[in-house]
Structure formats: C-alpha cells, structure tokens
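Below, read A as the first sequence line, B as the second, and so on, with proteins coming before strands; counting in each chain starts at 1.
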There are 2 protein chains.
Amino acid sequence: MYIQDKKYTFGSYSYKMSDLPQYKKLQHLIKKQILSGVYKEGDLLPSENELSTIHELNRATVRQALSELVKDGYIYKHKGKGSIVSSRRQTLGLLSFKGFSEVVGQTTHAIKNKELKKPYLTKWDDQFFYELTDIEKAAGCICLERLRMVDEDPVMLEFTYIPNLNLPRFVSKPLINNSLFDTLLNNYQIEVINLEQDIRAIAADEEIAGLLQTEEESPILHIFRRYRTNRDGLFIYSSLYCNTEQYSIGSIFN
Amino acid sequence: MYIQDKKYTFGSYSYKMSDLPQYKKLQHLIKKQILSGVYKEGDLLPSENELSTIHELNRATVRQALSELVKDGYIYKHKGKGSIVSSRRQTLGLLSFKGFSEVVGQTTHAIKNKELKKPYLTKWDDQFFYELTDIEKAAGCICLERLRMVDEDPVMLEFTYIPNLNLPRFVSKPLINNSLFDTLLNNYQIEVINLEQDIRAIAADEEIAGLLQTEEESPILHIFRRYRTNRDGLFIYSSLYCNTEQYSIGSIFN
DNA sequence: TAAATTAACTTGTATATACAGGATAAAAAA
DNA sequence: TTTTTTATCCTGTATATACAAGTTAATTTA
C-alpha cells in the first residue's frame, strides 16, 4: 500500500503512520481527501473493489476503513450504489458544532483553548454526578479547568476530573500538545475506550454566566461525561457547560 | 444456527427472524440475554471462538454481531480479555434517559406516547432549521405532533416534518404500531439510514412550557434532527423539546 | 520463596473466496 | 417507441484461514 508514511509528533512523543494498521492508514487517507476537497459532499468514493485494487488491500480491509468513516459521519453507504460523502462540521473539543445562520458553504472558525488554572489536586465533591468507588474517593481528584473559544467568544467551559490513581507527577508536568488525551497516552499509556454522556439544559449561575460571558439564568447545555479507559477501573469524568446561543452541538448516528 | 425463529408482527405487516442475516439474529439473541439478566453488567460474554462454536457461525460473523452491540453500547471489548457487558439505560423514543438521583439498580418507568393531533398536511415554515430543496418546499409538509410521557409526566415534545413526496394517503391512514418508522417501512418501504442532530439549550416559551408542564423561561433541551432515508433526497425532520429537570438524555460513543 | 518463562487463552488485523441482492444502463423483444 | 430482459457493477453477508499482540495463569528457573 503506497500511502505516505507520515510522522506525527507532539512534544517528546511521536508515532509513525507505519505503526498503524492498514485499514486505519486508508481511513486517514480518505478522511484527508474528503477534508481537503478531493471528494466533495454528495460525491461517490471509488468502489470497494477499486479501492482494494488501487491500494493493494483486501476488500474486507477496505470495508473496515469505510465502516470507520461511516461511524464518524464522513460517508454513508447505499447498497448497489456506493459510498457517498456526507456534509461535514467543524469540531470543538470532542464535539462538533454548527452556527445557526450558516448555510452549507461554511467559513472556518478560529478555535482556541484557554487553561483557566494549572491542573491541581483536590478532594472529590460530595455530590459528584456519578457514583464513585471507594478506591476513587480515597485517591483524590486531579482537576482541570479549561475554556474553549470560537472566534474569541467563550463557548464551552470544561471541568475534567481524574482520580489520582498511579499518575505520578501529573499536576507538575505540562500537558503534551495542550491535550489531556495525548498526555495520558504518552506519559501513562492510557487510552480512552469509549464515553458515556448525559445531557441536560440548565440555567446559568453567576460563575458560569461570567465565564461564558452571558447572562445569569440564560439556558446552558450541561454535558456530563464518563470516559472508560484501557486501565481497568480508571474513568475520567468531564463536566461541560456550553453556551448554545450562537452554536449548536452536533452529532451523527448510524 | 439454532437461534429461535421468532416472528415479529405489527399491524398487517410481519417479518420472520429467518429473513434477517445470521449476525443480526445473534446480535438480537445476545441483546435479549443482556436485557433479561443472563449476562449482567461487568460479566464476560463467551469468547468469540466459543460463540462461533456454539452457534455454528464463523468467527467473523460473530465479530460482526458483537461490533453492533458495541456500537449500541451494550458491551465493550478489551483486547486479550474479552467482551464485557456495559451498564444499560432505558430508552425514550430514540433517546435514552436516566434519572438524576438514581443509582445503578434502576427501577423501570412507564413510557407513554400521546398524539397531540392527527397527522396533517401544511406548508413549510419559512424559517425552517435546515435548508430545504425546491422539491421539498413545493411538496408541502406532513406534520406530526407527539408528546412522550415518563411515569405520567410529560418529558418530551416531538414535532416531525415529512416532505409529502410520493406518500399517498399518509395522513388518512393510522400509524402502524403507533410508530412512524414502522409505518414508513411497511406502507412505503422507507428505511432510515442515519441521523444527524443538533442540540442546544433554550428557554421555554408559553406553548412549550404549557405542554411540558413547566414554567416559562425554564431551560429546555432542543434537538433538531435530520433522518436520511433509503429514498434518495427524502429526509425526515424532527424537532424535539425535552424537559431535563428530572431526566437527562444519555448516549454512548465508541 | 520469588522472579522469569512459557503455554494457553483472548481480541485485532489481514487475506482469499463465494454468492446474494440492490442499482443501472445496455441490449433485446414487444 | 416502449417495455422487458440481460449483463454488469455495486455493497452486503458468510466462510475459512493465518498470524499478531494483549492477558492470564501455570510452570519452570533462579
């Protein structure tokens, strides 16, 4: 398979594309082609047989790459026809968002992340959203407070809570690539397997209204997340507050 | 494969389990076993090799069944270990919800659907959330208004909009099985391929507050959905208003 | 006893092959 | 010309096989 052996680097950590399985390389290639406009919305991708011939891969491997792209909402499939490119959104953190008044030909937005405080160690809140195990409670909590901005406007406030279980020197070392997940992967070999979330609408209190530069009592999207990791019993918790006056939170299901 | 040949019936329409592919039969069997408590949260399922021996299926077929169960959040997999049963939620329409104060051993809730009006034909709103094609605009709009209740409390208000394209006598015939999707599948061979949704928090206006039995200006979750169907160019649109004071909207991603 | 190795599991990745069934356009028949 | 049939290409389903790599427990070695 002739797909280019791109090397990704963040901080002291790097991994080669060649370490990835073939279906993921193909997945990334097609994703890049869609994002760069080689294939536009509504276009048919080459057929599975064509892709397997071109890239010298088995059709099953091609299908695995395509099914990941379906899962991520980049394409959808039509039996007898082929794989068709879906419309895309921009992502904000791990969410995608869309401006209300925008039409299809979106302009891009400048997304910034601001660290409100350095990561710090603290006790767990007594009224924590999820039930915690005694082990988690005893370990204490690493807390991150971040604000995500779109075009200079604060849109999302994110509190992340990590039980301090075998994570030496976490708070004293800076985040790699400004990303929590890159840091966990590189420094502690922790990967996220899946995430479970609960969403509700709440009224902004004084603190949240202030940080999101909106009025008190204005409706705010509150998302609570639990990330499951490859370390048995280690979960990461996140509490997100989104101002959806200008942007909505989008997702695709298949 | 010895899985029982269950027959599903709704209205005049019925299909046999034997019409389904093998991986879906296995998927449904395991799902039923999880929901009925044969496998509980945290349990290991039989290994892929065991399942393929037991059900006389190839391991690839078993893997396909399991990957669907992963996608739907029933299980997650751990390389080298096996497939592990996830915690489950109850579903409300196509959403799942969870009570805030509930712990793991949830009680079940009585879910009812109320049709606020008979389905009716109307014009499209000028300020419709999504851009409509001229064909859709010209066809007019079939509108459904439904209220979903949990334990007698109204929780979700659902407006569904369908372009009136080659759907003869839709408004004059009753819904099959009280379900829009069953009706579309049975009477018009229309299936949903995927769905795209946008979520935001809004303040309840008088109408929505009244129907959801809450106060004006209280925060409400608003979800706008576009369902893609197997008919080219036919989309179904839904506008959902959820009162999340007591319940949150949950989902799982992998 | 304690540490290291091995063996026996598990899921993940990849190939080869076959046929069913939907979609479409060309060819044949009415 | 219009309809029907056919051929072809597409994705969906299913089997068989092989090896890589993570996990665990038993076994061997120090």
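Closest to the side chain of B:Ala60, from the set C:dT15, D:dG12, D:dT15, is D:dT15. Of the candidates D:dT15, D:dG12, D:dT13, D:dG12 carries the atom nearest the A:Glu48 side chain, counting heavy atoms from C-beta on. The A:Tyr23 side chain lies nearest to C:dT13 when the options are D:dT17, C:dG12, C:dT13. The side chain of B:Lys79 sits closest to D:dA21 out of D:dA14, D:dT11, D:dA21. Set against C:dT11, C:dT13, D:dT15, the side chain of B:Asn49 has C:dT11 as its closest nucleotide. With C:dT15, C:dT13, D:dT15 as the choices, the nucleotide that has an atom nearest any side-chain atom of A:Gln64 turns out to be C:dT13.
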Working for ring pair (Phe, Tyr, Trp, His ring centres under 6.0 Å), residues B:Tyr227 and B:Tyr237: CA-CA 6 Å; B:Tyr227 299 91; B:Tyr237 304 91; 9.1 Å; no

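The CZ atom of B:Arg59 sits 11 Å away from the C1' atom of D:dA18 (whole-angstrom rounding). With rounding to whole Å, A:Leu57 atom CG is found 14 Å from C:dT13 atom P.
Of the two residues contacting DNA chain C, namely A:Thr61 and B:Pro46, the nearest-nucleotide position lying further toward the 5' end is that of B:Pro46.
OP1 or OP2 of D:dG12 lies within a sub-4.0 Å distance of a side-chain N or O belonging to A:Arg63. Phosphate proximity of C:dG22 to A:His78: absent, as no side-chain N or O sits under 4.0 Å from OP1 or OP2. At the phosphate of C:dT10, OP1 or OP2 sits under 4.0 Å from a side-chain N or O atom of B:Ser47. Proximity of B:Lys81 to the phosphate of C:dT11: no side-chain N or O atom is located under 4.0 Å from OP1 or OP2.
B:Lys77 and B:Arg63 get closest at one heavy-atom pair: NZ-NH1, 3.6 Å. Annotation for A:Ile84 and A:Gly42: closest pair CG2-O, 3.7 Å, computed over non-hydrogen atoms.
For A:Phe128 and A:Phe224, the distance between ring centers is under 6.0 angstrom.
No hydrogens or angles were tested; on distance alone, a donor-acceptor pair under 3.5 Å links the side chain of A:Asn58 to the base of C:dA16.
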